[in-house]
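The structure appears right after this line, and notes come after that.
The model shown is predicted, which means the values in this text are computed figures rather than measured ones.
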Amino acid sequence: MDDDVAARTLAGPFGPYHVAATERGIVAAEWLTTEAAFLQRTRARLAGRVMDQGAAAARLEGALPVLEALLHGEPADSSAIEVDLADRPAWDQRVLGAVRELGWGETASYGGIARRIGAPRAARAVGGALGRNPITLLIPCHRVIAGDGTLGGYGSDGWADGEERLALKAALLLREGRAVGRRAG
């Protein structure tokens, strides 16, 4: 924990999983990065916000049992965990809210998410919003796949390389009982 953001690093099956909270809820969570880089990105997003450190720490502590279960590959209901997307554009909030509704082992296509939020021609824009998802696992963008049933993409250019990100997406889906292949060549 730091003096300006409530944060923890948890042991995960794919390396350290970093998570941070504000008094509103979980604001950031990611892996395949360093703790220093994670905290730097999170602080930059929260610059200028005044936080109730005690409430932020309580939000983080309250989320830990669910996060631990998810990290261990156990289905867990994360719907009661508040997330803080206040700094995200309205479009991203709509997309991430719809993705958050996907249950354990459930997948949807980028176009399917676009249709769910009333923007049926915006599959690419959905992909852009998912690439900016600041809260991996609790907002399960790994459950969004290409319309042809293959993996599609995963993550932004900010963490790991493309192959590592796709391998992680495939592994997360497999833990949920979904084997999803990659596009040929």
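Considering every non-hydrogen atom in both Ala122 and Ala114, the closest pair reads C-CB, 3.9 Å. Scanning both residues, Pro16 and Thr9, for their nearest heavy atoms gives CB-CG2, 3.6 Å. Considering every non-hydrogen atom in both Ala11 and Leu71, the closest pair reads O-CD1, 3.9 Å.
Using a 4.5 Å cut-off on side-chain heavy atoms (C-beta onward), Ile113 and Val144 make contact. Within the 4.5 Å cutoff, side-chain heavy atoms of Val126 are placed close to those of Trp91. Side chains of Glu68 and His72 form a contact here, defined as non-hydrogen atoms less than 4.5 Å apart. Two residues are said to be in side-chain contact when any heavy atoms from C-beta on lie closer than 4.5 Å; Leu10 and Leu64 meet this criterion. For the pair Leu173/Ile145, a side-chain contact is recorded, criterion being any heavy-atom separation below 4.5 Å from C-beta on. Contact annotation: the side chain of Lys169 approaches that of Leu151 to within less than 4.5 Å [non-hydrogen atoms, C-beta and beyond]. Between Trp31 and His18 the shortest side-chain heavy-atom distance does not fall below 4.5 Å. By the 4.5 Å heavy-atom criterion applied to side chains, Glu82 and Ile26 are not counted as neighbours.
Hydrophobic clustering of Ile, Leu, Val, Met, Phe, Trp and Tyr side chains at less than 4.5 Å, counting indirect connections, unites Tyr154 with Phe14. Leu174 and Leu172 fall into different hydrophobic clusters, where Ile, Leu, Val, Met, Phe, Trp and Tyr residues are linked whenever their side-chain heavy atoms come under 4.5 Å apart, directly or through other members.
Taking OG of Ser78 as the reference point, atom CG of Leu67 lies at 8.5 Å (rounded to 0.5 Å). Here CD1 of Ile139 is found 9.5 Å from CZ of Arg88. Values are rounded to the nearest 0.5 Å. Taking CG of Leu102 as the reference point, atom NE2 of His142 lies at 9.0 Å (rounded to 0.5 Å). To the nearest 0.5 Å, atoms CH2 (Trp104) and CZ (Arg143) are separated by 6.5 Å. Here the CG atom belonging to Leu32 is positioned 9.0 Å from the CZ atom belonging to Arg165, to the nearest 0.5 angstrom.
When only modelled atom types and interatomic distance are considered, Arg59 and Thr22 share no side-chain donor-acceptor pair under 3.5 Å.
Ser109 places a side-chain N or O within 3.5 Å of a backbone atom of Gly112 that can act as its donor or acceptor partner. The main-chain N or O of Asp52 is found under 3.5 Å from a side-chain atom of Glu23 such that the two form a donor-acceptor pair. Remark: the backbone N or O of Leu85 is paired with a side-chain donor or acceptor of Gln93 at under 3.5 angstrom. Within the 3.5 Å criterion, the main-chain N or O of Val27 finds a donor-acceptor partner in the side chain of Arg45. At least one donor-acceptor pair under 3.5 Å links the side chain of Arg175 to the backbone N or O of Leu70. Here the side chain of Thr42 pairs a donor or acceptor atom with the backbone of Phe38 at under 3.5 angstrom. Side chain of Thr136 to backbone of Ala29: a donor-acceptor contact under 3.5 angstrom is found.
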query = Asp77 and Val66: side chain to side chain contact (heavy atoms under 4.5 Å, CB included), yes or no, with the steps?
reply = CA-CA 7 Å; Asp77 181 8; Val66 170; over 6 Å; no
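Judged as a salt bridge (Lys or Arg N to Asp or Glu O under 4.0 Å), the pairs with a partner in residues 92-118 (not counting sequence neighbours) are, in order, Asp92-Arg132, Glu106-Arg116.
Heavy atoms of other residues, nucleotides or ligands lying less than 6.0 angstrom from CD of Glu74 number more than 12.
Salt bridge Arg8/Glu35: absent, no basic N to carboxylate O contact under 4.0 Å. Here Asp84 pairs with Arg49 in a salt bridge; the nearest charged N to carboxylate O distance falls below 4.0 Å.
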